[in-house]
Amino acid sequence: MKMQESAQMYLETILILSRRHPQVRSVDIVGELGYKKSSVSVAMKHLRENGYIEMDHDGFIALTGEGKKIAETMYERHTFLSDWLVSLGVDGAVAAEDACRMEHVISPESFGAIKRYVEEKP
């Protein structure tokens with residue numbers, strides 16, 4: 001399924017926050033991304049309606065199986081591409097910013113080819 005970059009970003013952020021904290025709420029996402037509370041609220045509603053997250057009665061957010069799969073894919077791409085760019089001599093901050101953009105547009109085929117090439121290099 002083709003998904004908007006912003007939805008992928010939210011899912012990845014929820015994954016990252018859930019690795020840092022036992023529970024994630026919308027306010028944590030606001031703090032992490034610096035978005036307006038209302039924007040995050042609308043995004044969470046859409047992610048919930050599409051089956052990517054669940055929210056309990058206290059407002060705690062959890063990724064569903066499908067949401068976690070997408071989030072982990074984005075996170076793997078981001079960390080791999082960022083590390084690869086740094087290994088090529090790109091400044092860490094620039095590499096992280098570029099990887100953030102690249103992770104959303106690169107095809108699974110191209111990402112897999114880059115990953116295989118980098119991992120097979122002596």
Side-chain angles (χ1 to χ4, degrees):
M1 174 187 172
K2 189 81 169 157
M3 174 183 263
Q4 287 187 349
E5 180 178 330
S6 62
Q8 293 172 342
M9 183 69 76
Y10 279 114
L11 294 173
E12 182 182 11
T13 300
I14 293 166
L15 176 70
I16 291 167
L17 289 170
S18 70
R19 291 179 176 180
R20 286 190 217 152
H21 309 289
Q23 299 173 317
V24 177
R25 297 179 83 165
S26 292
V27 69
D28 301 317
I29 298 166
V30 168
E32 184 74 14
L33 297 176
Y35 295 168
K36 291 180 184 178
K37 194 174 179 180
S38 59
S39 298
V40 172
S41 180
V42 168
M44 294 305 103
K45 178 182 179 214
H46 290 301
L47 291 174
R48 189 175 61 252
E49 289 172 348
N50 288 302
Y52 298 114
I53 65 167
E54 295 174 342
M55 289 181 101
D56 69 14
H57 63 281
D58 292 322
F60 294 115
I61 301 166
L63 295 167
T64 62
E66 186 62 25
K68 188 172 185 178
K69 180 180 168 186
I70 294 166
E72 287 175 341
T73 297
M74 292 299 105
Y75 184 73
E76 177 194 20
R77 288 178 177 192
H78 181 89
T79 56
F80 183 87
L81 292 168
S82 183
D83 291 347
W84 178 52
L85 291 170
V86 168
S87 77
L88 295 174
V90 177
D91 174 76
V94 173
E97 190 174 308
D98 288 345
C100 192
R101 287 192 299 269
M102 293 166 64
E103 72 188 76
H104 300 286
V105 296
I106 193 168
S107 70
E109 181 181 358
S110 292
F111 178 73
I114 292 169
K115 188 174 177 185
R116 282 189 305 280
Y117 175 78
V118 170
E119 290 175 344
E120 291 172 3
K121 275 183 72 177

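Heavy-atom basis, side chains included; hydrogens, waters and symmetry copies ignored. No experiment lies behind these values; they were computed from the predicted model shown.
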Is the number of heavy atoms from other residues, nucleotides or ligands under 6.0 Å of [X] [atom1] greater than 12?
X	atom1	result
Tyr75	OH	no
Glu66	CD	yes
Glu109	CD	no

Any chance you could measure [X], atom [atom1], to [Y], atom [atom2], to the nearest 0.5 Å?
X	Y	atom1	atom2	value
Glu12	His104	CD	NE2	6.0 Å
Leu17	Ile61	CG	CD1	9.0 Å
Glu32	His21	CD	NE2	7.5 Å
Asp91	Glu97	CG	CD	10.0 Å
Ile16	Met74	CD1	CE	12.0 Å
His78	Asp98	NE2	CG	10.5 Å

Verify the cluster assignment for [X] and [Y]: are they in a single hydrophobic cluster under the rule of side-chain heavy atoms below 4.5 Å apart?
X	Y	result
Phe60	Leu47	no
Tyr35	Val27	no
Ile29	Val42	no
Val105	Ile70	no
Trp84	Val94	yes

Shortest non-hydrogen contact from [X] to [Y]?
X	Y	answer
Ala95	Val86	CB-CG2, 3.6 Å
Val118	Phe80	CB-CZ, 3.7 Å
Ser110	Ser107	N-OG, 3.0 Å

Heavy-atom side-chain proximity of [X] to [Y] below 4.5 angstrom:
X	Y	value
Leu85	Met102	yes
Gln8	Arg77	no
Ser82	Glu103	no

Fill in: Passing candidate, side chain to side chain contact (heavy atoms under 4.5 Å, CB included) with Val40, options Lys36, Met44, Lys37
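Going through the options one by one, the only one that passes is Met44.
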Worksheet item: Which residue, Leu15, Leu33, Ile53, forms the side chain to side chain contact (heavy atoms under 4.5 Å, CB included) with Tyr10?
Response: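 Only one of Leu15, Leu33, Ile53 forms a side chain to side chain contact (heavy atoms under 4.5 Å, CB included) with Tyr10, namely Leu33.
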Worksheet item: Are any of the side-chain nitrogens in Arg25 or Asp28 under 4.0 Å away from the carboxylate oxygens of its partner?
Response: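 No, no charged N to carboxylate O under 4.0 Å.
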